[in-house]
There are 2 protein chains.
Amino acid sequence: MANKIADLNRYIAKKGLKVTRQREAVAEVFFAEKGHISAEELYMKVAKSHPGIGLTTVYRTLKLLTEAGLAKERRFGEPQGVYEKEDEDRHHDHLICTRCGKIVEFKEPSIEEMQEDVARRYGFVVTDHKMELYGLCRTCSTA
Amino acid sequence: MANKIADLNRYIAKKGLKVTRQREAVAEVFFAEKGHISAEELYMKVAKSHPGIGLTTVYRTLKLLTEAGLAKERRFGEPQGVYEKEDEDRHHDHLICTRCGKIVEFKEPSIEEMQEDVARRYGFVVTDHKMELYGLCRTCSTA
DNA sequence: TATAAAATGACAACGGTTATCATTTTCAGG
DNA sequence: CCTGAAAATGATAACCGTTGTCATTTTATA
Ligand SMILES: [Mn+2]
Ligand SMILES: [Mn+2]
Ligand SMILES: [Zn+2]
Ligand SMILES: [Zn+2]
(Lines give C-alpha, C1' and ligand atoms only; values in the text may rest on other atoms or scores of the structure.)
(Ligands and ions follow the chains in the order given, each with its own letter.)
Protein backbone atom coordinates (compact mmCIF):
# COMPACT_ATOMS: atom_id res chain seq x y z
CA MET A 1 0.00 0.00 0.00
CA ALA A 2 2.62 2.43 -1.08
CA ASN A 3 -0.13 4.57 -2.58
CA LYS A 4 -1.75 4.81 0.84
CA ILE A 5 1.50 6.00 2.33
CA ALA A 6 1.76 8.41 -0.57
CA ASP A 7 -1.71 9.73 0.23
CA LEU A 8 -0.64 10.27 3.81
CA ASN A 9 2.52 12.07 2.79
CA ARG A 10 0.54 14.24 0.43
CA TYR A 11 -1.75 15.21 3.28
CA ILE A 12 1.23 15.85 5.53
CA ALA A 13 2.78 18.13 2.94
CA LYS A 14 -0.45 20.00 2.33
CA LYS A 15 -0.75 20.72 6.04
CA GLY A 16 2.85 21.78 6.48
CA LEU A 17 3.59 18.84 8.75
CA LYS A 18 6.55 16.51 8.67
CA VAL A 19 7.22 13.01 7.50
CA THR A 20 8.73 10.86 10.21
CA ARG A 21 9.90 7.29 10.60
CA GLN A 22 7.31 6.77 13.32
CA ARG A 23 4.40 7.92 11.22
CA GLU A 24 5.43 5.72 8.36
CA ALA A 25 5.92 2.73 10.62
CA VAL A 26 2.51 3.12 12.26
CA ALA A 27 0.77 3.80 8.97
CA GLU A 28 2.38 0.82 7.29
CA VAL A 29 1.23 -1.61 9.95
CA PHE A 30 -2.18 0.01 10.02
CA PHE A 31 -2.68 -0.21 6.27
CA ALA A 32 -1.63 -3.86 6.31
CA GLU A 33 -4.48 -4.65 8.70
CA LYS A 34 -7.66 -6.18 7.36
CA GLY A 35 -10.25 -5.54 10.06
CA HIS A 36 -10.71 -3.33 13.07
CA ILE A 37 -7.82 -2.63 15.39
CA SER A 38 -7.49 -0.69 18.63
CA ALA A 39 -4.74 1.79 19.33
CA GLU A 40 -3.28 -0.55 21.91
CA GLU A 41 -3.25 -3.51 19.52
CA LEU A 42 -1.69 -1.42 16.79
CA TYR A 43 0.91 -0.21 19.26
CA MET A 44 1.82 -3.81 20.09
CA LYS A 45 2.14 -4.79 16.43
CA VAL A 46 4.21 -1.76 15.58
CA ALA A 47 6.47 -2.47 18.53
CA LYS A 48 7.60 -5.74 16.93
CA SER A 49 9.29 -4.02 14.04
CA HIS A 50 9.81 -0.63 15.64
CA PRO A 51 10.29 -0.87 19.38
CA GLY A 52 10.54 2.50 21.05
CA ILE A 53 7.57 4.06 19.33
CA GLY A 54 5.26 5.29 22.05
CA LEU A 55 1.58 4.59 22.45
CA THR A 56 1.02 8.33 22.38
CA THR A 57 2.49 8.51 18.91
CA VAL A 58 0.23 5.70 17.76
CA TYR A 59 -2.77 7.67 19.01
CA ARG A 60 -1.50 10.81 17.32
CA THR A 61 -0.93 9.01 14.05
CA LEU A 62 -4.39 7.46 14.12
CA LYS A 63 -5.85 10.89 14.63
CA LEU A 64 -3.81 12.20 11.73
CA LEU A 65 -4.94 9.35 9.50
CA THR A 66 -8.51 10.06 10.46
CA GLU A 67 -8.16 13.75 9.61
CA ALA A 68 -6.64 12.72 6.31
CA GLY A 69 -9.66 10.55 5.57
CA LEU A 70 -7.58 7.39 5.56
CA ALA A 71 -8.87 5.92 8.82
CA LYS A 72 -12.16 5.86 10.65
CA GLU A 73 -12.78 5.35 14.31
CA ARG A 74 -15.56 2.96 15.32
CA ARG A 75 -17.19 2.26 18.61
CA PHE A 76 -19.01 -1.03 19.00
CA GLY A 77 -20.56 -0.57 22.39
CA GLU A 78 -17.28 -0.99 24.19
CA PRO A 79 -15.26 1.80 25.75
CA GLN A 80 -12.28 1.04 23.58
CA GLY A 81 -12.40 2.55 20.13
CA VAL A 82 -11.21 0.64 17.07
CA TYR A 83 -9.95 1.92 13.76
CA GLU A 84 -10.34 0.71 10.21
CA LYS A 85 -9.19 1.87 6.82
CA GLU A 86 -11.37 4.53 5.25
CA ASP A 87 -12.03 5.13 1.61
CA GLU A 88 -14.74 7.13 -0.13
CA ASP A 89 -16.31 4.07 -1.70
CA ARG A 90 -15.61 1.70 1.14
CA HIS A 91 -18.47 2.87 3.32
CA HIS A 92 -20.29 0.07 5.12
CA ASP A 93 -22.21 -0.70 8.27
CA HIS A 94 -21.87 -3.50 10.79
CA LEU A 95 -23.51 -6.59 12.21
CA ILE A 96 -22.06 -7.41 15.62
CA CYS A 97 -22.48 -10.68 17.49
CA THR A 98 -22.87 -9.82 21.16
CA ARG A 99 -21.78 -13.30 22.18
CA CYS A 100 -18.60 -14.07 20.24
CA GLY A 101 -17.76 -10.59 19.01
CA LYS A 102 -17.87 -11.50 15.33
CA ILE A 103 -18.29 -8.49 13.08
CA VAL A 104 -19.76 -8.63 9.60
CA GLU A 105 -19.62 -5.65 7.28
CA PHE A 106 -22.39 -4.91 4.85
CA LYS A 107 -23.54 -2.31 2.40
CA GLU A 108 -27.21 -1.65 1.73
CA PRO A 109 -27.79 1.27 -0.65
CA SER A 110 -31.54 1.08 -0.32
CA ILE A 111 -31.29 1.70 3.41
CA GLU A 112 -28.92 4.58 2.82
CA GLU A 113 -31.41 6.14 0.43
CA MET A 114 -34.15 5.90 2.98
CA GLN A 115 -31.93 7.50 5.57
CA GLU A 116 -31.49 10.42 3.21
CA ASP A 117 -35.25 10.59 2.79
CA VAL A 118 -35.87 10.70 6.50
CA ALA A 119 -33.23 13.34 7.00
CA ARG A 120 -34.66 15.48 4.19
CA ARG A 121 -38.09 15.21 5.75
CA TYR A 122 -36.70 16.78 8.91
CA GLY A 123 -34.64 19.42 7.12
CA PHE A 124 -31.33 17.77 7.89
CA VAL A 125 -28.32 17.48 5.63
CA VAL A 126 -26.59 14.24 6.56
CA THR A 127 -22.80 14.19 6.59
CA ASP A 128 -22.26 10.88 8.32
CA HIS A 129 -24.22 8.08 9.83
CA LYS A 130 -23.86 5.07 12.02
CA MET A 131 -25.85 1.88 11.77
CA GLU A 132 -25.04 -1.12 13.89
CA LEU A 133 -27.11 -4.26 14.21
CA TYR A 134 -26.45 -6.20 17.40
CA GLY A 135 -27.49 -9.79 17.86
CA LEU A 136 -26.35 -13.37 17.52
CA CYS A 137 -24.48 -14.82 14.58
CA ARG A 138 -25.56 -18.16 13.17
CA THR A 139 -23.04 -20.12 15.20
CA CYS A 140 -24.02 -18.44 18.44
CA SER A 141 -27.78 -18.62 17.94
CA THR A 142 -27.79 -22.34 17.09
CA ALA A 143 -25.53 -23.36 19.96
CA MET B 1 -45.53 8.68 36.08
CA ALA B 2 -47.09 6.90 39.01
CA ASN B 3 -47.44 3.86 36.82
CA LYS B 4 -43.79 4.12 35.85
CA ILE B 5 -42.81 4.12 39.50
CA ALA B 6 -45.16 1.19 39.95
CA ASP B 7 -43.39 -0.63 37.13
CA LEU B 8 -40.10 0.00 38.82
CA ASN B 9 -41.37 -1.25 42.17
CA ARG B 10 -42.75 -4.34 40.53
CA TYR B 11 -39.34 -5.04 39.01
CA ILE B 12 -37.68 -4.41 42.36
CA ALA B 13 -40.03 -6.86 44.07
CA LYS B 14 -39.55 -9.48 41.39
CA LYS B 15 -35.78 -9.31 41.84
CA GLY B 16 -35.91 -9.38 45.62
CA LEU B 17 -34.48 -5.89 45.87
CA LYS B 18 -35.66 -3.06 48.07
CA VAL B 19 -37.64 0.10 47.59
CA THR B 20 -35.80 3.14 48.85
CA ARG B 21 -36.41 6.87 49.08
CA GLN B 22 -33.37 7.46 46.89
CA ARG B 23 -34.54 5.21 44.11
CA GLU B 24 -37.95 6.78 44.08
CA ALA B 25 -36.50 10.28 44.07
CA VAL B 26 -34.13 9.57 41.18
CA ALA B 27 -36.79 7.70 39.21
CA GLU B 28 -39.34 10.45 39.69
CA VAL B 29 -37.06 13.14 38.35
CA PHE B 30 -35.94 10.87 35.55
CA PHE B 31 -39.47 10.02 34.45
CA ALA B 32 -40.41 13.69 34.47
CA GLU B 33 -37.68 14.39 31.90
CA LYS B 34 -38.65 14.75 28.28
CA GLY B 35 -35.40 14.24 26.36
CA HIS B 36 -31.97 12.83 26.99
CA ILE B 37 -30.19 13.41 30.27
CA SER B 38 -26.76 12.50 31.59
CA ALA B 39 -26.14 10.96 35.00
CA GLU B 40 -24.47 14.16 36.14
CA GLU B 41 -27.39 16.33 35.02
CA LEU B 42 -29.88 14.03 36.65
CA TYR B 43 -27.82 14.11 39.83
CA MET B 44 -27.97 17.91 39.84
CA LYS B 45 -31.72 18.00 39.35
CA VAL B 46 -32.33 15.37 41.99
CA ALA B 47 -30.13 17.29 44.41
CA LYS B 48 -32.56 20.22 44.35
CA SER B 49 -35.33 18.25 45.99
CA HIS B 50 -33.21 15.58 47.63
CA PRO B 51 -29.77 16.85 48.60
CA GLY B 52 -27.56 14.16 49.99
CA ILE B 53 -28.24 11.60 47.32
CA GLY B 54 -24.90 10.59 45.86
CA LEU B 55 -23.89 10.54 42.23
CA THR B 56 -23.06 6.88 42.68
CA THR B 57 -26.65 6.15 43.62
CA VAL B 58 -27.86 8.00 40.55
CA TYR B 59 -25.65 5.79 38.40
CA ARG B 60 -26.88 2.71 40.21
CA THR B 61 -30.49 3.70 39.78
CA LEU B 62 -30.03 4.40 36.08
CA LYS B 63 -28.51 0.96 35.68
CA LEU B 64 -31.45 -0.55 37.53
CA LEU B 65 -33.93 1.32 35.36
CA THR B 66 -32.11 0.08 32.30
CA GLU B 67 -32.22 -3.52 33.49
CA ALA B 68 -35.92 -3.06 34.16
CA GLY B 69 -36.42 -1.88 30.59
CA LEU B 70 -37.54 1.57 31.73
CA ALA B 71 -34.47 3.48 30.60
CA LYS B 72 -32.03 3.25 27.74
CA GLU B 73 -28.50 4.52 27.55
CA ARG B 74 -27.47 6.39 24.42
CA ARG B 75 -24.13 7.59 23.16
CA PHE B 76 -24.11 10.34 20.58
CA GLY B 77 -20.44 10.46 19.77
CA GLU B 78 -19.50 12.05 23.04
CA PRO B 79 -17.84 10.30 25.94
CA GLN B 80 -20.67 11.12 28.28
CA GLY B 81 -23.63 8.78 28.02
CA VAL B 82 -27.21 10.02 28.19
CA TYR B 83 -30.36 8.25 29.23
CA GLU B 84 -33.92 8.38 28.01
CA LYS B 85 -37.15 6.69 28.92
CA GLU B 86 -37.65 3.30 27.32
CA ASP B 87 -40.86 1.65 26.34
CA GLU B 88 -41.52 -1.36 24.11
CA ASP B 89 -43.32 0.72 21.51
CA ARG B 90 -41.27 3.83 21.92
CA HIS B 91 -38.32 2.64 19.88
CA HIS B 92 -36.85 5.30 17.65
CA ASP B 93 -33.61 6.43 16.08
CA HIS B 94 -31.89 9.80 15.99
CA LEU B 95 -30.91 12.70 13.80
CA ILE B 96 -28.14 14.72 15.44
CA CYS B 97 -27.00 18.18 14.43
CA THR B 98 -23.24 18.27 14.81
CA ARG B 99 -23.27 22.06 15.06
CA CYS B 100 -25.95 22.98 17.59
CA GLY B 101 -26.52 19.58 19.16
CA LYS B 102 -30.19 19.40 18.29
CA ILE B 103 -31.59 15.89 18.38
CA VAL B 104 -34.63 14.76 16.44
CA GLU B 105 -36.20 11.38 17.06
CA PHE B 106 -37.78 9.41 14.25
CA LYS B 107 -39.29 6.04 13.53
CA GLU B 108 -39.02 4.40 10.13
CA PRO B 109 -40.50 0.90 10.03
CA SER B 110 -39.45 0.32 6.45
CA ILE B 111 -35.81 0.79 7.40
CA GLU B 112 -36.21 -1.52 10.35
CA GLU B 113 -37.61 -4.18 8.07
CA MET B 114 -34.67 -3.88 5.74
CA GLN B 115 -32.31 -4.18 8.66
CA GLU B 116 -33.99 -7.46 9.52
CA ASP B 117 -33.57 -8.58 5.94
CA VAL B 118 -29.89 -7.81 5.91
CA ALA B 119 -29.36 -9.57 9.21
CA ARG B 120 -31.25 -12.64 8.03
CA ARG B 121 -29.13 -12.72 4.92
CA TYR B 122 -26.03 -13.03 7.09
CA GLY B 123 -27.58 -15.51 9.51
CA PHE B 124 -27.90 -13.03 12.34
CA VAL B 125 -30.74 -12.71 14.80
CA VAL B 126 -30.94 -9.03 15.71
CA THR B 127 -31.72 -8.14 19.30
CA ASP B 128 -30.96 -4.44 19.18
CA HIS B 129 -29.74 -1.84 16.78
CA LYS B 130 -28.41 1.64 16.61
CA MET B 131 -28.95 4.12 13.82
CA GLU B 132 -27.77 7.68 14.08
CA LEU B 133 -27.75 10.24 11.29
CA TYR B 134 -25.28 13.06 11.85
CA GLY B 135 -25.43 16.31 9.95
CA LEU B 136 -26.78 19.84 10.01
CA CYS B 137 -30.28 20.82 10.97
CA ARG B 138 -32.16 23.33 8.85
CA THR B 139 -31.18 26.26 11.01
CA CYS B 140 -27.51 25.35 10.99
CA SER B 141 -27.25 24.53 7.30
CA THR B 142 -28.86 27.77 6.16
CA ALA B 143 -26.83 30.01 8.45
C1' DT C 1 -38.41 -6.02 67.17
C1' DA C 2 -34.66 -8.88 65.61
C1' DT C 3 -32.21 -10.29 61.76
C1' DA C 4 -30.24 -10.95 57.32
C1' DA C 5 -29.92 -8.92 53.05
C1' DA C 6 -29.55 -5.03 50.37
C1' DA C 7 -28.60 -0.03 49.63
C1' DT C 8 -26.21 4.05 50.52
C1' DG C 9 -22.53 7.66 50.31
C1' DA C 10 -17.73 8.86 50.48
C1' DC C 11 -13.93 7.90 48.30
C1' DA C 12 -10.52 5.45 45.67
C1' DA C 13 -9.53 3.25 41.52
C1' DC C 14 -10.03 2.18 36.74
C1' DG C 15 -9.23 2.54 31.64
C1' DG C 16 -8.87 4.76 27.52
C1' DT C 17 -7.36 8.88 25.87
C1' DT C 18 -5.25 13.47 25.85
C1' DA C 19 -2.18 17.32 27.78
C1' DT C 20 2.32 18.71 29.14
C1' DC C 21 7.02 19.43 28.42
C1' DA C 22 11.86 18.67 27.85
C1' DT C 23 14.40 16.67 24.06
C1' DT C 24 14.99 15.22 19.37
C1' DT C 25 14.02 15.41 14.54
C1' DT C 26 12.66 17.36 10.22
C1' DC C 27 13.25 20.42 6.40
C1' DA C 28 13.45 24.98 4.01
C1' DG C 29 16.75 28.57 3.15
C1' DG C 30 21.26 29.98 2.76
C1' DC D 1 25.89 20.29 3.39
C1' DC D 2 24.79 23.63 7.73
C1' DT D 3 21.47 26.22 10.58
C1' DG D 4 17.47 27.38 12.81
C1' DA D 5 12.61 27.50 13.37
C1' DA D 6 8.84 24.56 13.55
C1' DA D 7 7.09 20.27 14.41
C1' DA D 8 7.25 15.52 16.43
C1' DT D 9 8.45 12.39 19.89
C1' DG D 10 8.32 9.72 24.30
C1' DA D 11 7.71 9.68 29.25
C1' DT D 12 4.68 10.84 32.33
C1' DA D 13 0.90 13.06 34.54
C1' DA D 14 -3.68 14.38 34.18
C1' DC D 15 -8.35 13.85 32.69
C1' DC D 16 -13.12 12.31 32.95
C1' DG D 17 -16.90 9.37 33.10
C1' DT D 18 -17.86 5.47 35.40
C1' DT D 19 -17.41 1.53 38.59
C1' DG D 20 -15.41 -0.85 42.79
C1' DT D 21 -14.80 -0.87 47.80
C1' DC D 22 -16.35 -0.78 52.33
C1' DA D 23 -18.08 0.83 56.67
C1' DT D 24 -22.65 2.30 57.95
C1' DT D 25 -27.55 2.62 57.41
C1' DT D 26 -31.92 1.07 55.77
C1' DT D 27 -35.26 -2.21 54.30
C1' DA D 28 -38.33 -6.16 54.53
C1' DT D 29 -39.43 -10.42 56.35
C1' DA D 30 -40.74 -13.45 60.29
MN1 LIG E 1 -15.83 -1.99 9.31
MN1 LIG F 1 -34.22 9.40 21.94
ZN1 LIG G 1 -21.35 -15.09 17.52
ZN1 LIG H 1 -28.18 22.61 14.29
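In what follows, chains are A, B, ... by sequence order, proteins preceding strands, each numbered from 1. The model shown is predicted, which means the values in this text are computed figures rather than measured ones.
Remark: P of dT17(C) and CG of L64(A) are 17 Å apart, rounded to the nearest angstrom. With rounding to whole Å, L42(A) atom CG is found 15 Å from dG16(C) atom P. dA8(D) atom P lies 14 Å from atom CD of E24(A), rounded to whole Å. Taking atom CG of residue L62(B) and atom C1' of nucleotide dA7(C), one finds them 16 Å apart after rounding to whole Å. Summarising the geometry, the separation between CZ on R23(B) and C1' on dA28(D) is reported as 13 Å, rounded to the nearest angstrom. Residue E78(B) contributes atom CD, which lies 16 Å from atom C1' of dT18(C) at whole-angstrom precision.
Residues satisfying the side chain to side chain donor-acceptor pair (under 3.5 Å) test with Q22(B), not counting sequence neighbours, are none. The side chain to side chain donor-acceptor pair (under 3.5 Å) check on K72(B) picks up D128(B), with sequence neighbours excluded. E73(B) is linked by a salt bridge (charged side-chain N to carboxylate O under 4.0 Å, His left out) to R75(B), counting only residues two or more places apart in sequence or in another chain. A search for side chain to side chain donor-acceptor pair (under 3.5 Å) contacts involving E84(A) returns H36(A), R74(A), H92(A), not counting sequence neighbours. Taking the side chain to side chain donor-acceptor pair (under 3.5 Å) definition, one finds that R121(B) meets it with E108(A), sequence neighbours left out. Residues passing the salt bridge (charged side-chain N to carboxylate O under 4.0 Å, His left out) test with E40(A), sequence neighbours excluded: none.
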Which nucleotides of nucleotides 17-24 of chain D have their base under 4.0 Å from a protein heavy atom (B), which only their sugar-phosphate (S), and which neither (-), written as one string 5' to 3'? SSBBB---
Where protein sits on nucleotides 24-30 of chain C, one letter per nucleotide: B base, S sugar-phosphate only, - none, heavy atoms under 4.0 Å: --BS---
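In this structure, the helix from dT1(C)-dA30(D) to dG30(C)-dC1(D) shows an angle of 30° between the axis at its start and the axis at its end, each fitted on 5 base pairs and rounded to 10°.
Heavy atoms only, all atoms of each residue included: V29(A) and K45(A) are closest at CG1-CB, 3.8 Å.
Within the structure, every pair that satisfies the side chain to side chain donor-acceptor pair (under 3.5 Å) test and touches residues 134-143 of chain B, not counting sequence neighbours, is listed here: E132(B)-Y134(B).
The other residues sharing a hydrophobic cluster with V126(A) are L95(A), V104(A), F106(A), I111(A), M114(A), V118(A), Y122(A), F124(A), M131(A), L133(A), L95(B), V104(B), F106(B), I111(B), M114(B), V118(B), Y122(B), F124(B), V126(B), M131(B), L133(B), where clustering joins ILVMFWY side chains under 4.5 Å apart.
Residues K4(A) and D7(A) are not paired through a salt bridge, judged by the lack of any N-O separation under 4.0 Å between the basic side chain and the carboxylate.
Proximity of T56(A) to V58(A): side-chain heavy atoms (C-beta onward) are nowhere separated by under 4.5 Å. The shortest side-chain heavy-atom distance between F76(B) and I103(B) falls under the 4.5 Å cut-off.
Residues of residues 43-54 of chain B having a heavy atom closer than 4.0 Å to DNA chain D: none are found.
A donor-acceptor contact closer than 3.5 angstrom links the side chains of H129(B) and E112(B).
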